[in-house]
Amino acid sequence: MGRRQDRLGVAEKFEIMHLYLHIPFCRQACHYCDFHFSTNTSNKRAVVEAIAKEIILRKDYLPKENIETIYFGGGTPSMLEEAELDLLLDTINQHFVVAKDAEITLEANPDDLQKEKLQQFYSAGINRLSIGIQSFHEPHLKFLNRIHSAGEGEICVKTAQEVGIRNISIDLIYAIPAPDHGILMEDIQKAFALDISHISAYCLTIEPQTAFGSWLKKKKIQPIDEEYAAQQFEILVKTLAKNGYEQYEISNFARNGHYSQHNSSYWKQRPYLGVGPSAHSYNGVSREYNVSNNARYVEAIRTQIIPATLETLSPADQTNEYLLTGLRTKWGVNKDKLENLSGRSFRSTHQADLEEMMRRNWITEDSDNWYLTDAGKLFADRIASDLFIDGE
Ligand code: SF4
């Protein structure tokens with residue numbers, strides 16, 4: 001029996017709750033990334049201790065205390081030392097009841113995943129890894145300023161499988177400039193050869209507050225070619241489908257039902273608690289956004305204050321968020337839920353728009369839900385925003 005079974009409480013009967021922990025450190029800044037992280041690790045221990053304290057301060061944020069998914073995101077959570085991960089997991093288990101079969105995911109970078117570290121993660125209870133591979137092609141990794149090599153990407157997946165972590169997701173980035181689609185095909189084939197059960201595929205985007213953003217402004221790089229990006233997306237979707245991967249969310253593909261339970265909870269608008277600098281929380285009626293600054297976060301938590309900004313969600317906000325996330329999934333959006341969230345007759349006010357979208361073969365329906373078609377998935381955000389409702 002591993003330590004996880006020793007330390008986790010047993011939930012006999014529970015309502016679902018989800019917990020996100022943001023670990024805001026990276027060894028090196030990737031050129032495309034605008035997440036909150038710092039490469040200065042001098043206060044890592046203080047931040048981790050503050051996150052543990054926040055877990056205690058926020059234990060009553062949601063009415064139920066039973067946890068079904070835990071997600072260590074970042075940043076680079078695989079930079080956590082054994083004692084730091086233990087502190088966080090022990091704190092969670094002292095203040096919540098974690099379901100026996102909880103999905104516990106840790107985002108990891110290949111350069112951190114040596115055998116000993118993987119064994120530590122596994123025995124601590126991590127049962128799912130989300131590995132930032134991005135590409136198996138060395139020049140692409142250099143272009144993105146990833147710290148790991150192509151070889152490390154492959155080896156870490158095999159080692160994780162050897163130590164017993166079978167539930168592995170990898171991130172791939174597509175639309176990286178290249179003369180043709182050969183490298184993308186090679187990346188996909190590598191993932192198949194490694195027997196990966198889940199793939200998250202993201203289009204390269206150039207965000208203003210990144211190295212790529214500043215180079216674009218100075219015309220040192222070209223913007224991403226939209227047609228090339230659309231072609232790559234189509235190749236991905238078709239190749240993954242042919243090989244048994246279900247596109248259960250626009251950017252997420254799973255074999256044999258290995259969905260991310262944690263991320264699915266966001267897309268289904270389930271409440272969650274997020275702790276750590278820049279983490280968000282959602283309780284069904286409002287969102288809270290923690291400060292995106294490590295030093296200010298630590299200082300506030302030291303004085304027992306949660307450094308969060310509160311946003312109360314109007315019926316229109318809740319409806320529009322549901323459209324934006326729900327339409328991207330294979331579960332679609334539920335007609336009754338839209339009526340309830342919006343507090344008005346969604347069907348009748350949107351009938352003309354919906355009929356036009358069905359005529360264009362962008363959406364389809366059954367008696368309960370509306371769904372995007374494959375053609376509609378290419379315009380998901382536009383379709384959702386065309387269906388948005390106005391109001392406070
Ligand atoms: S992509 Fe991941 S590893 Fe790279 S800077 Fe962003 S959070 Fe850090």
Side-chain angles (χ1 to χ4, degrees), residues 20-44 47-48 51 71-81 84-85 88 105-114 117-118 121 126 128-157 160 168-177 187 191 198-216 221 224 251-252 260 262-263 266 274-280 289-294 297:
Y20 174 82
L21 300 94
H22 191 84
I23 310 299
F25 297 100
C26 293
R27 294 190 201 282
Q28 179 171 296
C30 303
H31 287 338
Y32 57 90
C33 178
D34 71 345
F35 292 154
H36 170 63
F37 66 90
S38 170
T39 51
N40 173 2
T41 56
S42 58
N43 64 349
K44 178 151 81 69
V47 170
V48 171
I51 295 173
Y71 195 101
F72 290 88
T76 309
S78 53
M79 285 172 68
L80 287 172
E81 302 300 328
E84 293 169 339
L85 183 61
L88 295 172
T105 305
L106 183 131
E107 285 182 353
N109 274 347
D111 54 300
D112 287 325
L113 296 181
Q114 292 78 34
K117 189 110 190 208
L118 281 159
F121 289 155
I126 303 301
R128 184 170 183 275
L129 283 179
S130 172
I131 307 180
I133 297 283
Q134 318 310 353
S135 172
F136 292 101
H137 183 64
E138 200 68 50
H140 277 190
L141 292 172
K142 290 216 159 49
F143 174 71
L144 300 171
N145 204 36
R146 297 291 299 176
I147 199 169
H148 71 277
S149 67
E152 282 174 321
E154 240 178 294
I155 290 167
C156 77
V157 172
I168 293 177
S169 175
I170 63 167
D171 287 352
L172 289 178
I173 293 182
Y174 64 93
I176 300 171
D187 279 347
H198 188 282
I199 296 173
S200 298
Y202 301 109
C203 185
L204 180 62
T205 51
I206 298 188
E207 306 297 339
Q209 305 302 329
T210 63
F212 279 163
S214 101
W215 295 344
L216 183 66
I221 55 169
I224 304 300
S251 303
N252 287 277
S260 163
H262 185 85
N263 290 338
Y266 297 151
V275 292
S278 84
H280 301 177
Y289 305 88
N290 280 5
V291 66
S292 297
N293 178 298
N294 293 356
Y297 172 79

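Read the numbers this way: they start at 1 and go in the same order the structure lists the ligands and their atoms.
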His36 side chain to His22 backbone, donor-acceptor under 3.5 Å
no
Under 30°, 30 to 60°, or over 60°: which ring-plane class applies to His140 and His137, parallel, tilted or perpendicular?
perpendicular
Separation between OG of Ser214 and CD of Glu207, rounded to the nearest 0.5 Å
13.5 Å
For the backbone of Glu84 and the side chain of Lys44, can you confirm whether one donor and one acceptor N or O come within less than 3.5 Å of each other?
no
Protein heavy-atom partner closest to atom 7 (S) of ligand 1 - residue, atom, separation in Å:
Gly75 N, 3.3 Å
Please give me the protein atoms (N, O or S only) lying under 2.8 Å from atom 4 (Fe) of ligand 1, ordered by chain and number.
Cys30 SG
My understanding is that only residues two or more places apart in sequence, or in another chain, count here; which of them pass side-chain contact (heavy atoms from CB on, under 4.5 Å) with His280?
Tyr272, Tyr289
Measure from the side-chain N and O atoms of Asn109 to the backbone N and O of Ser78, and report whether any donor-acceptor pair falls under 3.5 Å.
no
